[in-house]
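Below, chain A is the first sequence line, B the second, and so on; all start at residue 1. Model, not experiment: these values are computed from the prediction.
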Amino acid sequence: MSRDSARRDSETIDMSENLIPKAGGDTFYIDAIRQAMREEMLVDPRVFLIGEDVGAFGGAFKTSSGLIDEFGPGRVIDTPISEVAITGAACGAALMGMRPIAEMQFINFITVTFDMLSSFAATSRYRGNGGCPIVVRGPAGGGVRGGPFHSGNPEAYFFNIPGLKIVYPGTAYDAKGLLKAAIRDEDPVLFLEHKFLYRRVKEDLPADDFVVPIGKAKVRREGRDLTIITYGAMIYLAEEAAEELAKDGVSVEVLDMRSILPFDEETMLESVAKTNRAIVLYEAPLTGGVGAEFSARIAEKAFDWLDAPIKRVASLDTPTPYAPQLEDFHRPSKAKLIAAAKELLRY
Amino acid sequence: MSRDSARRDSETIDMSENLIPKAGGDTFYIDAIRQAMREEMLVDPRVFLIGEDVGAFGGAFKTSSGLIDEFGPGRVIDTPISEVAITGAACGAALMGMRPIAEMQFINFITVTFDMLSSFAATSRYRGNGGCPIVVRGPAGGGVRGGPFHSGNPEAYFFNIPGLKIVYPGTAYDAKGLLKAAIRDEDPVLFLEHKFLYRRVKEDLPADDFVVPIGKAKVRREGRDLTIITYGAMIYLAEEAAEELAKDGVSVEVLDMRSILPFDEETMLESVAKTNRAIVLYEAPLTGGVGAEFSARIAEKAFDWLDAPIKRVASLDTPTPYAPQLEDFHRPSKAKLIAAAKELLRY
Amino acid sequence: MTLTAASIEAGYGLSRERLLQIEYHLRLTRSLEERIVSLFRQSKVIGGIYRSLGQEGESVACATALDFAQGDIVSPLIRNMGSLLVAGARPVEILRQYMAKGNSLSRGRELNIHIKDFARGFMGPVSPLGAMIPVMAGVTLAGRMQGKNMVGMVHIGDGGASTGAFAEGPNFATVMKLPLVIVLENNGYAYSTPTVKQTLATRLADRALGVGATGETVDGNDVLATYAAAKRAVDRARGGGGVTLLEVVTFRMKGHAEHDNQSYVPKELIEEWKQKDPVDRYERAILESGVATADDLASIQASVKHELDEAVDEAERSLAPIAEDAARGVYHGDGFWDEPR
Amino acid sequence: MTLTAASIEAGYGLSRERLLQIEYHLRLTRSLEERIVSLFRQSKVIGGIYRSLGQEGESVACATALDFAQGDIVSPLIRNMGSLLVAGARPVEILRQYMAKGNSLSRGRELNIHIKDFARGFMGPVSPLGAMIPVMAGVTLAGRMQGKNMVGMVHIGDGGASTGAFAEGPNFATVMKLPLVIVLENNGYAYSTPTVKQTLATRLADRALGVGATGETVDGNDVLATYAAAKRAVDRARGGGGVTLLEVVTFRMKGHAEHDNQSYVPKELIEEWKQKDPVDRYERAILESGVATADDLASIQASVKHELDEAVDEAERSLAPIAEDAARGVYHGDGFWDEPR
Ligand SMILES: Cc1ncc(C[n+]2csc(CCOP(=O)(O)OP(=O)(O)O)c2C)c(N)n1
Ligand SMILES: Cc1ncc(C[n+]2csc(CCOP(=O)(O)OP(=O)(O)O)c2C)c(N)n1
Ligand SMILES: [Mg+2]
Ligand SMILES: [Mg+2]
């Protein structure tokens, strides 16, 4: 996936760029990730980065650009193409007290090391083998014409595996704050970064150290009539829809979950208790997506507050197709979201 | 896991044996699986079995016992310990028109080949690479004191991967009928067999060829007040609870989903429309289990029929612990199920 | 030793006609890629381009050693466009893939050379490196079960050879004595990673030893030598001699993909390998041996140009996929793949 | 050549004391397993038993080559109980695991030798075979980063060596020049699968070649030879010489697990290997060389018996875990692992 071609295709994506903060902001999402790694490596000698081409090349997306100059090849470690070994070595090092960050060149290839993460990393503490504080991060998400193997949203694959944590930030601030929290966390964290956002969202970040706690959602927009519960790049789609619905006098609350495992049930339920209507929006295919769990929790714990069914808007139940026309149809769209909202509001 | 020890521990399991049909029945669940393989191999020369120790040894659980004598080592193929190669080779053979059955010695080790199944098998047809009709089967499920790595219920890991099918039978009849359907299916099917049931459930099976269609649920017990939606070994727990609740005059419907992907949304919604109350019961950990999807579908599509929240009863969000005391506490129990039912009925 | 047409025929079993065929495939590969680059610059290609410049020789030579009429199947990697062309994929089919057209073999769902047609004898890869080795083991296993006399050939890079999926394949295929040829392309780099940082092995073919397969290393930029080694491996496979791991030593003359200027590759190395260009070397060989004249080469290039002009036209005229089709063809039974496109 | 205490000291660098220590660990391993079998028959053991009968020699010899005081860490497989005992795991700790007691190191959550204590230098495996090779690569990587002079040792079977996880490990560790010793136990079988059906490689140590590591094969039932080979590998690792793949040739004298009567193993093979029993051979060696007397051996056995009597008592007296604890200790922060048990 060349960055240029990703950029070129951006116009066709149903996620209007105007909602994305640009003016004034000076830190791109991707740079926020690099900053988080750099700052943590500066203050904590236990932190290191390991992965394919992360060293002198700075990573396929240049996420770790420059880090090797500052920290040397001993802490920014290029590896063979061996995802099992990369994550396995990260686990071993973590048990020894280090704080490894393992990069997947594309997050899709995390499937190669599914066993290491599910059998070893996730169970380590529970089995008495000690905490295994690794971070596994890599570019996720579609909308970049990456086709079936470079557009993945694998969060649901790992969602039924107790012992792991999963975060999926949608803003530069959250990317930095959650990555710092992940690196400092005592447990294994999958950090999904949305490649579409890498160089498309930016904002001013505080100069001081900050973290975004894992497990805390964020109300991005307050509303009274309906809550859209989402995360990752979909927050922009939700805001866009909210904006449009506002023109019709509909007040939509947009909740960015940010953390998926654990997730902020409380804030989610509170929001639904207020708006009485919920749409769960996510970029992965519908069936078996993590949004199903959000919906199930609401159906169990906020039932009394519900004035309408809980809707979900997600991608089609297919692999991610390559052609722009197909991918756009495959993905959640503003139109689908607004249609779902209107249906609920009529209810 | 020795068979003996599994048997020995059965008393401590919260799944009373008396509900399991014994008298009269002459085909154990495990034998139903062998029969399905044998019969399909007899009528279809494209069908073959491949896996570790499946040949002369007949498999770790003796599921394929005798097959090599009948079909020879050319169709009952022992392999090195290479799950990626086993499933990958199955995929390649399937593309060539064969109908491979790949055995995982324990279903847990399917995690090793997660990439082959998610990236290759699941996407093959959609990508224009041709249908990939493999069956991947292996012993799943807990209650046998298998500990963290021999008790897995991995269905949710694969549930957000369009292109795969997943079935999880709870009876000898369904095991045979679904396995035959899986072998004849034009798409890749994960066939999860519950090792606790292998030699514990048996029934009389029709002498004639039959299949259980993938995607069709079965109402195991009719009821009016509440539906328990479940699958796999949990059907017995559901029936046991239903039996007990019946003593209090509560009429519980027990729905065995049998197929997980695709699943029988229609029958599920119909049942809920009738009973107006639903509990989703499954053996995997709660968060991110496939039951979340069932719940989400009901919350979206049967909302009007619901008189109470949708409850879920599942295992704790932990790996499967080894000690009987711990495993029993970890698993769904009749007590938890009845408590959930009573809560809903009071609603 | 000076080559002559007769000595080549005797030594390699390649007739003049087949030698010119090789030349045609070399030129077709190189030129088709150049066309793709120019379409990319015009924003007509979706996604990235992964060049095989300087490696066309091994792709073409290895695939030429197969006998597609016997049902042989090759599974190329991204830099083996040449194998596909030898197997009979048409340039327009590859162009439609790159341009994500609705009538491409994958109907716009897949990238570049991720295409399959067993009738012609090829299957493109999935992206996760290494996966195709087990898959091709299964293809050859099925072939044997079906009584076919086919051979499988599968490509992997110096980088991809570090994956576990790769590693399981050769052992599995070897112990089952499958008719499989694994071509391990050592082209010096895996993305930015030089082979010396990929492995300390000095000869990648030595991995064969550890699984009991046959290992051989050949100069992948020497088309005739590569053909000969591949032919030995194919014959061995077809004769029941099992798996060969054939290391072809070559060099990736471009960056990993179009956007990568390969700043991490020493200039001298590029210069050095430019001198070893497989197409140049091959052309010199067939000219000097009297197999072909300068006119022959010019006429091959002219016909390649003509063919590609037409292919580009045809590809450009092809329509984009229909959006709604994205929902179809995941499972059997909705008729999607039976409909013409 | 007849061995003498002095020749052993000179040749192997093993003092009489350490030689008797080896004998003690051999007997402790064998006897502890026998106790576990008898507890199993009394239904006091949960789950299966995986015997190392006939393989105790290599476990004990290899672990003895480590220097736990320097921070060395061994990662045994299921049939390497001996390694654990050498590293300092106490028999009662292993018994509590087998009996799923609440005060076992895993607090009843894990099986048999799946226990870890880096302070003493051991980490049991996870069940998926091969996984521990990459993990131990990471352990040694961290050791080097932390400026430790430690060595890692990890065990894998002839069967487990066919996994992709295994394969990635040696290449990765070798190219990073990590101080890792990989002990590949070729014990003839993987469950019911004989090594000849696992791989066509005639010497498993040859896998080292393909990744640039050092490979060596040794008679795993010759305790002194195995010790010497392991010591060379450990010294090489500590000296910066990188990874060794040490193939120890031995034989699994029992079935895969207790319920498996290994009917698939030719009787003669078992008879043949019985003659090569590592404990017998070792005891003959230390008796004949004058290192030990029959009385020494008897007294070692007596003290092993005594130790195990007490360990079994202690394990039997240990309580089962508290059911509610099943919910705890998945993540950091709930205090579970800080509470005493
Ligand atoms: C399992 C896996 N990990 C990472 C990648 C990302 N990736 C794509 S190509 C590539 C480099 C491949 O190098 P090599 O195998 O030497 O082939 P070459 O590009 O030199 O032809 C990488 C790392 C991948 N496709 N699959
Ligand atoms: C990835 C994986 N596949 C399958 C198994 C099931 N299994 C457990 S032990 C075993 C045989 C192991 O043989 P080997 O590695 O030779 O060790 P040995 O039992 O001889 O000590 C198998 C197949 C497993 N644990 N992990
Ligand atoms: Mg390369
Ligand atoms: Mg073995």
For the candidates C:S106, C:A100, C:S162, which exhibits the highest count of non-hydrogen atom pairs separated by less than 4.5 Å from chain A?
C:S162

Can you name the residues of residues 86-95 of chain A that have some heavy atom under 4.5 Å away from a heavy atom in chain C?
none

Can you tell me how the ring of A:F57 sits relative to the ring of C:Y264, calling it parallel under 30°, perpendicular over 60° and tilted otherwise?
perpendicular

Which pair of heavy atoms, one from C:A190 and one from A:I81, lies closest together, and at what distance?
CB-CD1, 3.9 Å

Please evaluate residues C:H114 and A:F149 with respect to the criterion side chain to side chain contact (heavy atoms under 4.5 Å, CB included), reporting the C-alpha separation (whole Å), side-chain torsions for both, the decisive distance (0.1 Å), and the verdict.
CA-CA 11 Å; C:H114 291 208; A:F149 304 117; 4.3 Å; yes

Below 4.5 Å, heavy atoms only, C-beta onward: do A:P80 and C:T199 meet side chain to side chain?
no

Report, by ascending residue number, the residues of residues 108-121 of chain A in heavy-atom contact with chain C at a distance under 4.5 Å; give 'none' if the set is empty.
A:F109

Scored by heavy-atom pairs under 4.5 Å with chain A, the best of C:P128, C:G130, C:S104, C:A131 is C:P128

Against chain A, label C:D158 side chain, backbone, both or neither, depending on which of its atoms sit under 4.5 Å from a heavy atom there.
neither

Between C:S192 and A:D53, does any side-chain donor sit less than 3.5 Å from a side-chain acceptor?
yes

Closest heavy-atom contact between A:L326 and C:A326?
O-CB, 3.5 Å

Which portion of C:I322 sits near chain A, non-hydrogen atoms under 4.5 angstrom:
backbone

Select one option (side chain, backbone, both, neither) describing which atoms of A:Q105 are under 4.5 Å from chain C's heavy atoms.
side chain

Starting at CG of C:L111, measure out to CZ of A:R145 and round the result to the nearest 0.5 Å.
12.0 Å

Around atom NZ of C:K116, are there more than 12 heavy atoms from other residues, nucleotides or ligands closer than 6.0 Å?
yes

Ranking C:D325, C:I49, C:V126, C:L129 by heavy-atom pairs under 4.5 Å to chain A gives rank one to C:V126

Answer yes or no: is there a side-chain heavy-atom contact under 4.5 Å between A:P148 and C:E110?
yes

Separation between NZ (C:K197) and CD (A:E52), nearest 0.5 Å, reads 12.5 Å

Which value, rounded to the nearest 0.5 Å, describes the distance between C:I46 atom CD1 and A:Q325 atom CD?
7.5 Å

Chain A contact via C:Q262 - which portion, at a heavy-atom distance below 4.5 Å:
neither

Based on non-hydrogen pairs under 4.5 Å, which of C:F166, C:Y331, C:Y191 is most in contact with chain A?
C:Y191

